[in-house]
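Letters A, B, ... mirror the listed sequences (proteins, then strands); counts begin at 1.
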2 protein chains.
Amino acid sequence: MGRARGRSQKGEDTRLLLYQTAVQLFAERGYEQTTMRDIAAEAGVSVGLLYRYFPNKSAVVLALYDALSADYAERMVTLAPGAWATRAMAALETSLEVLGPHRAALAALSAELVSTSGHGLFAEPTAFSRARVQRAFADAVAGADDAPDGELCAALGRQLYVAHLAVILWWLLDKSPAQRATSRLLGLLRLAAGGLGPMLLLLPGARAAVMQIDEVVTDALL
Amino acid sequence: MGRARGRSQKGEDTRLLLYQTAVQLFAERGYEQTTMRDIAAEAGVSVGLLYRYFPNKSAVVLALYDALSADYAERMVTLAPGAWATRAMAALETSLEVLGPHRAALAALSAELVSTSGHGLFAEPTAFSRARVQRAFADAVAGADDAPDGELCAALGRQLYVAHLAVILWWLLDKSPAQRATSRLLGLLRLAAGGLGPMLLLLPGARAAVMQIDEVVTDALL
DNA sequence: CTATAAAAATGAACATGTTCATCTCATTGA
DNA sequence: TCAATGAGATGAACATGTTCATTTTTATAG
């Protein structure tokens, strides 16, 4: 009997069931109001099993982030050509579009962004999705009409990645109705990107400045 | 028998004992590794009593932040005269000097800065110390030789306050040895404050830009 | 001095994230 | 067919933040 599928798929089915149940509950009641026991019960499964597939509670929300970052990377391959500043802004806006529908479920992400202990967005298990998003930003700059040379490209990509994390944090903390403050912030940034962006790298000392900032960024976070 | 002190001081004594014990343990083992039971036991007291004086664990670290912010405000009254950008930088650096010796104990502050739920640095119980620090930044700008008019002053003060929170967050997350990345960051900022600062507000549209940003900041956070 | 009410203090119990010894069952090799 | 094996699954137990009914202490009124 059995085993119609490629290889023991039972486990993957269970993981998916647990994942979907969890995401649904997070969306309905929020992260903190959702108990690991709730998730297990709703899925008709024991708590222990939940921990077989997700090492801890934050891993569940990080799995959601991972799925969304894959979605994001997919969207980014069709990024319209243009100046690097414009493409970077588009990359930023796309990231919020992708995360947008799951803001309630992602509320815990701000804690993960900032977690100093083992797990968190800067820990090992999330290295893959982090690298994926980082690459998307690097490509946004590298694929621009006015792309600077490789070294500068890489540094700019890293800084844009960090800026994108900052914007996401801002968006998560934004208390204004429908996060309109974040929309306005993006409007201001779009203006700046259109106005200052094109000439920014032509300023004397711009390269030195970018490289200095890059050192600070990589030293502190990466 | 009795009551040698002004009024029932027993409670305050106990609170102080608990506070000092907690801060010491946080410094020794870090916030997460210190249990409420640890604190109570070390102080020779029951858990329940600890909760009589601190509504929750984060309140203890927020009490430390409150004490440090009082210290900070005290130091800020002797801020040297000069340009607003220079004074703002000094304010920023002073804040890190004050927090510096307690970085280990304050590790949990990053979570508080970002907490969306009831407690946290943006919640009611911390309103007082938050206002105190905000005022320090406002005064740093308002007391400058080249202080702009009141409206602009207030807006700049608020933005500097938010920037200061961002720098603290960065410093808490900084993984580089002895947080040298943060030192470098401050160096770059100092350079920028010295170079661009004085002429920044003279640029056309500078006022409009600051006021726009102010709207975003107050709408999102305050 | 005693009764009493308010403040201080206690410790058991609860909620929830997490771990672990144990059990069940499907697949596989003989 | 059947024993063996390992993945899948279980639920009790643990750790820690938090609450609360209760007891003890202290200060004061009578």
Side-chain angles (χ1 to χ4, degrees), chain A residues 1-19 21-22 25-26 28-63 107-108 111-112 115 117-120 123 125, chain B residues 1-19 21-22 25-26 28-63 107-108 111-112 115 117-120 123 125:
Chain A
M1 204 87 3
R3 180 120 32 132
R5 289 165 287 206
R7 72 157 190 280
S8 182
Q9 182 89 10
K10 183 99 177 298
E12 285 309 310
D13 286 352
T14 305
R15 154 176 261 121
L16 187 62
L17 168 68
L18 289 171
Y19 169 75
T21 305
L25 290 181
F26 287 162
E28 284 173 14
R29 329 176 175 172
Y31 179 79
E32 311 215 334
Q33 297 314 307
T34 303
T35 264
M36 292 299 262
R37 284 171 179 77
D38 289 343
I39 301 173
E42 179 74 20
V45 130
S46 69
V47 221
L49 190 63
L50 182 50
Y51 277 88
R52 181 185 176 82
Y53 293 102
F54 299 96
N56 47 57
K57 193 179 176 185
S58 64
V60 184
V61 83
L62 288 176
E112 299 310 312
S115 143
S117 57
H119 342 284
Chain B
M1 207 105 337
R3 184 112 39 131
R5 290 165 284 204
R7 74 155 189 278
S8 182
Q9 183 91 12
K10 183 100 176 299
E12 286 310 308
D13 285 353
T14 306
R15 154 175 260 120
L16 188 62
L17 168 66
L18 288 171
Y19 169 75
T21 306
L25 289 182
F26 286 163
E28 285 173 13
R29 327 176 178 171
Y31 179 79
E32 311 217 335
Q33 297 314 306
T34 304
T35 268
M36 291 299 263
R37 285 170 177 79
D38 289 343
I39 300 172
E42 179 74 20
V45 129
S46 69
V47 221
L49 191 62
L50 181 50
Y51 276 89
R52 179 185 177 79
Y53 292 102
F54 298 95
N56 47 57
K57 193 178 177 186
S58 64
V60 184
V61 83
L62 287 175
E112 299 310 312
S115 143
S117 58
H119 340 285

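- Judged by distance alone, the side chain of A/T21 and the main-chain N or O of A/L17 form a donor-acceptor pair under 3.5 Å.
- Using a 4.5 Å heavy-atom threshold, the side chains of A/R15 and A/L18 count as separate.
- Of the residues in residues 31-41 of chain A, those placing a heavy atom less than 4.0 Å from an atom of DNA chain C are A/T34, A/T35, A/M36, A/R37, in numerical order.
- For A/R15 and D/dA7, the CZ to P distance is 14 Å, given to the nearest whole Å.
- The heavy-atom pair separating B/R29 from B/T34 by the smallest distance is CB-OG1, 3.9 Å.
- OP1 or OP2 of C/dA9 sits under 4.0 Å from a side-chain N or O of B/T14.
- The stretch residues 44-53 of chain A touches DNA chain D through A/V45, A/S46, A/G48, A/L49, A/R52, A/Y53, each having a heavy atom under 4.0 angstrom from the strand.
- By the side chain to side chain donor-acceptor pair (under 3.5 Å) test, A/R52 is found to be paired with no residue, residues two or more places apart in sequence or in another chain being considered.
- In this structure, A/K57 places its NZ atom 15 Å from C1' of D/dT16, rounding to the nearest Å.
- Side-chain contact check for A/L62 versus A/F54: every heavy-atom pair is 4.5 Å or farther apart.
- Distance, B/L18 CG to C/dA8 C1': 12 Å, rounded to whole Å.
- Within a 6.0 Å sphere centred on CD of B/E28, heavy atoms belonging to other residues, nucleotides or ligands number more than 12.
- Nearest heavy atoms, A/P55 versus A/Y51: O-CD2, 3.6 Å.
- Between the NZ atom in B/K57 and the CG atom in B/L50 there is a gap of 10.5 Å [rounded to 0.5 Å].
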